[in-house]
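Below, chains carry the letters A, B, ... as their sequence lines are ordered, and counting in each starts from 1. Just so it is clear, the structure is predicted and the values come from calculations on it, not from any experiment. Basis for what follows: all heavy atoms, side chains included, without hydrogens, waters or symmetry-related copies.
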Amino acid sequence: MKDIVALCKRRGFIFAASDIYGGLNGFWDYGPLGVELKNNLRDRWWKDMVITPPIGPDGNPIDIVGVDSSIIQNPRCWEASGHVGGFNDPMVDCKESKKRYRADHVVVYLPKDGQGVAVAFDKDAEDDEIEKRLKKLTKKDVSDFETEKLDQVDVAKFESIIGPDVKNAGTLTEPRQFNMMFHTYVGATAGDENKAYLRPETCAGIFLNFKNVVDSSRVKVPFGIAQIGKAFRNEVTPRNFIFRSREFEQMELEWFCAEEDVKMWFDFWVDTRTKFWEAIGIPKSELHFLDVAKEELAHYSSRTIDVEYRFPFSAPEFDELEGIAHRGCFDLTQHQEFSGQKLEYFDQAENKRFMPHVIEPSTGLTRGVLALICQAYTVDESRPSGVYMNFHPSMAPKKAAILPLTAKDEHVPIAQKLYLDLREEFSVDLDVKQNIGKRYARQDEIGTPYCFTIDNDTIADQTVTVRDRNTMAQERIHMNKVKDFLREKIYAK
RNA sequence: GCGGGCGUAGUUCAAUGGUAGAACGGCAGCCUUCCAAGCUGCAUAUGCGAGUUCGAUUCUCGUCGCCCGCUCCA
């Protein structure tokens, strides 16, 4: 992973944000090549979702439209979604053991007579273990105690509680709320009445516009609304390069359908999304599909499949790349209740009104970029660069490099002409300096799939050498065929 | 947020209470008719701030950042 981060910086993929000020934890900037890579992934997703959506399970084309909603919305929106005030669990720290616990995961054994100390246990502690420890610390029986979850216990009693991993009372701090949302103030004055939040996920902007889209776009259920944009979470611990950052980009589709069709569409989207990753160079063998366990599910979801990728930092295990969630009709129902606006869908053909259910394939764009980089990173001691980036041609930041074999002679003007022609359609590099091997090596390291070399034969017969990044094999093709060659490789299904 | 480790050119490393050296990369020149990142030269660093000291990159503190573990990841 260290080597990958170093290459990303060395070659201009990804830099620490505010680098010259020493950086800022959890924030990253995309350099010249990184932004190309990210845009390639973003554009491909948009094309596959909005411009050319897949054919549905019944053989008919499906409809998906896009939106681009505001990062800051009316704060009541986050009350409806549950992000404000709701379910982020209070945490308790132990000053002695240095551990942190979710207050509702700690069970406190309080003496029934109110005399002496209370003892806290993890909620999963075994009965005989509890009995033993109580005996040892208090010389009393289990029957002398009543239990209560720590988040229900009066803070005044904390002084007499022995934490789960220590022997003395009074080491637990009072429960503290953690809110993952960044907040700001709308307008010139800062006060609670104009407090607002940076969106912690992009999907809300879709639900908020559900009615607007239905009323303006002539879409019919089933249909989808897609959005790509930034989201912000004040993560406790940003980790693993850009994997968990505080500012990140999501590509989200909310697929609205009838409740009875949920299973069909859920399977359809899992399948469709898998093919997407395969098509851009993430092999199925590196993906894992986690059917998220009931107790782990988010409050709104009855089923979620995490599409996971084998990142270097998680290997041999996997970590989340995309989540495909059945959100039920939670969001529209909540927003209907909080806003007082009717959000039900009216089906003209069936003459009935209902709340659509939602399947949400939600992809981390920035996580996708990391997966592409990790997947492409290939060590090859036999070549001068020692490493090359095996990007799928459609994702590669540079599609080709045009290299005059020498910086003298008539090679340069021909190369320049080819370069100007190609860059009308593709992101390409012209590199004249230094010897040819050095230039190939440089292109290997940034993952350029093809190099076109102009030599004396080019002057004679208008052919150029194509050098393949992965095989290092060379073939000659006519200059007129270069564009078609690139098109075929890049747009190949 | 807690605990531990760490912070020297772009990258990977070296050295030192008297301000630093290499390799690779970058740039310039040379050489090159296809893997020769070969040759010559040039530029570039002690994260930031404070303290101790005649003098700090080295010691101390703070801060920022990175790595590992915990926690978190709705």
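- Judged by distance alone, with hydrogens and angles left aside, the side-chain atoms of A/Arg246 form no donor-acceptor pair with the main-chain N or O of A/Phe232 at under 3.5 Å.
- Put simply, the side chain of A/Gln334 does not reach to within 4.5 Å of the side chain of A/Ser81, judged on heavy atoms.
- Interface residues of residues 304-313 of chain A facing RNA chain B, ordered by number: none; criterion, heavy-atom separation under 4.0 Å.
- The backbone N or O of A/Tyr450 lies less than 3.5 Å from no partner atom in the side chain of A/Thr448, so there is not a single donor-acceptor pair.
- A salt bridge does not link A/Arg442 to A/Asp429: none of the charged side-chain nitrogens sits closer than 4.0 Å to a carboxylate oxygen.
- When the side-chain nitrogen and oxygen atoms of A/Arg442 are compared with OP1 and OP2 of B/rC27, one or more of them lie within a distance under 4.0 Å.
- The distance from atom CG of A/Leu7 to atom P of B/rG26 is 12 Å, rounded to the nearest whole Å.
- Centroid-to-centroid, the aromatic rings of A/Phe241 and A/Phe313 stay 6.0 Å apart or farther.
- With P as the reference atom, B/rU60 and B/rG26 are 39 Å apart, rounded to whole Å.
- Taking the ring axis of A/Phe426 as reference, the NZ or CZ atom of A/Lys399 does not stay both within 45° of it and closer than 6.0 Å to the ring centre.
- Aromatic pair A/Tyr309/A/Phe311: ring centres closer than 6.0 Å.
- Of the residues in residues 462-475 of chain A, those lying under 4.0 Å from RNA chain B by heavy-atom distance are A/Thr465, A/Arg467, A/Met472, A/Gln474.
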Check nucleotides 8-14 of chain B for protein N or O atoms closer than 3.5 Å to its own N or O atoms and list the pairs.
{"unit_1": "B/rU11", "atom_1": "OP1", "unit_2": "A/Lys9", "atom_2": "NZ", "d": "3.4"}

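- Every residue was checked against the salt bridge (Lys or Arg N to Asp or Glu O under 4.0 Å) condition with A/Glu254, not counting sequence neighbours, and none meets it.
- No side-chain heavy atom of A/Phe207 sits under 4.5 Å from any side-chain heavy atom of A/Leu343.
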Worksheet item: Could you spell out the base pairing of RNA chain B in dot-bracket, with Watson-Crick or G-U pairs whose two distances are under 3.5 Å, [ ] crossing and | to another strand?
Response: (((((((..((((....[..)))).(((((.......)))))....(((((..]....))))))))))))....
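- Comparing A/Phe243 and A/Ala407 by the nucleotide of RNA chain B that holds the closest heavy atom to each, the one mapping nearer the 5' end is A/Ala407.
- Geometric assessment of A/Arg469 against the ring of A/Tyr388 yields a negative cation-pi assignment under the 6.0 Å and 45° thresholds.
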Identify all pairs in which a protein N or O lies below 3.5 Å from an N or O of nucleotides 28-30 of chain B, and state each distance.
{"unit_1": "B/rG29", "atom_1": "OP2", "unit_2": "A/Lys433", "atom_2": "NZ", "d": "2.7"}

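- Nearest nucleotide to the side chain of A/Arg476, out of B/rC34, B/rA74, B/rC72: B/rC34.
- Looking at A/Lys483, its side chain never comes within 3.5 Å of a backbone N or O of A/Leu422 through a donor-acceptor pair.
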